[in-house]
Number of protein chains: 2
Amino acid sequence: MARARHTSFECSPGCAVEATLSLIDGKWKGVVLYHLLDSTLRFNEIRKKLPSVTQRMLTNQLRSLETDGLIERKVYPVIPPKVEYSLTERGRSLEPVIMALKHWGDANKELWPDEFGLVVAAD
Amino acid sequence: MARARHTSFECSPGCAVEATLSLIDGKWKGVVLYHLLDSTLRFNEIRKKLPSVTQRMLTNQLRSLETDGLIERKVYPVIPPKVEYSLTERGRSLEPVIMALKHWGDANKELWPDEFGLVVAAD
DNA sequence: CGGTATCCTAGGTGATACTG
DNA sequence: CAGTATCACCTAGGATACCG
């Protein structure tokens, strides 16, 4: 369908922010992209890096990233199955964004929400 | 409770990405922050910049941003009411992040999801 | 003007079990 | 190993109406 010629945007300029955000929200997309910056990874390799993600959710997020053209999924027809995920060029172009997010996060650890697994000293 | 001494983080490094993301997700937070980069704004001024946000949602997002220490809410006890929103220092420190999101979005308009109000040439 | 209060829905997320 | 399929929940988000 006619997604084709979006000749003009009535969006206020900030809309670009949301557009980008919409691609990397979802509970795990950010981290997945981050880890793929380093190297191509297999399904279970990604999984190991995300302690608490479920199989279903990881599959979901990966499919979504694939649909958005940010990652590529390469299936090797072997047994047992082997599937590799890597960044597309477009995905890699997000590197500055991902790194900006990471740097800010590192610089502001003190105020991370509780969910992010901080270990509180028992004593 | 003891949010106090998060002495260590077991999070894999990518966690910082999610932590930051968690502060600016929510359908309108990104744009709101973006617009506040320019200037302090009143409630309805922000609203005008977000064509389709509902009053309730905008209030929600603003409260959330305030709770996270990213914006400041200043109430003038006058009639009619006047409330101004501005970035805190911490909020402003997100500028590189916001701008990274915006730049990428601008550079990749072609593949914005449909929801972002693109106007397709009828012809 | 700048909000609450209430109600409602879609879909994002999780748990679990099964499969090629 | 890398997924589907189901079920079930819960919160983000929207519509609407009222308030100080």
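Below, chain A is the first sequence line, B the second, and so on; all start at residue 1.
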Does [N] have OP1 or OP2 sitting under 4.0 Å from an N or O in the side chain of [X]?
X: A:Arg56; N: D:dA8; result: no
X: A:Tyr85; N: D:dC1; result: no
X: A:Gln61; N: C:dT13; result: yes

* **With B:Phe43, the side chain to side chain contact (heavy atoms under 4.5 Å, CB included) member among B:Glu84, B:Gln55, B:Lys48, B:Lys82** =>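 Exactly one candidate clears the test, B:Gln55.
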Which part of the nucleic acid, if any, lies within contact of [X], taking any heavy atom under 4.0 Å across all strands shown: a base, the sugar-phosphate backbone alone, or nothing?
X: B:Tyr76; answer: nothing
X: B:Arg47; answer: nothing
X: B:Pro80; answer: sugar-phosphate

Spacing of [X] atom [atom1] relative to [N] atom [atom2], expressed in whole Å:
X: A:Gln55; N: D:dA2; atom1: CD; atom2: P; value: 9 Å
X: A:Phe43; N: D:dT4; atom1: CZ; atom2: C1'; value: 11 Å
X: B:Met57; N: C:dA5; atom1: CE; atom2: P; value: 17 Å
X: B:Leu58; N: C:dG3; atom1: CG; atom2: C1'; value: 10 Å

* To do: May I ask you to test the B:Ile24-A:Leu101 pair for a side-chain heavy-atom distance under 4.5 Å?
  =>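 Side-chain contact under 4.5 Å: yes.
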* To do: State, without any angle test, whether A:Lys74 and A:Ser86 hold a side-chain donor-acceptor pair at a distance under 3.5 Å.
  =>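 Side chains of A:Lys74 and A:Ser86: no pair found under 3.5 Å.
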* To do: Could you name each residue pair satisfying side chain to side chain donor-acceptor pair (under 3.5 Å) that touches residues 95-108 of chain B, not counting sequence neighbours?
  =>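 Those involving residues 95-108 of chain B are A:Arg90-B:Asn108, A:Ser93-B:Trp104, B:Arg92-B:Glu95, B:Lys102-B:Asp106.
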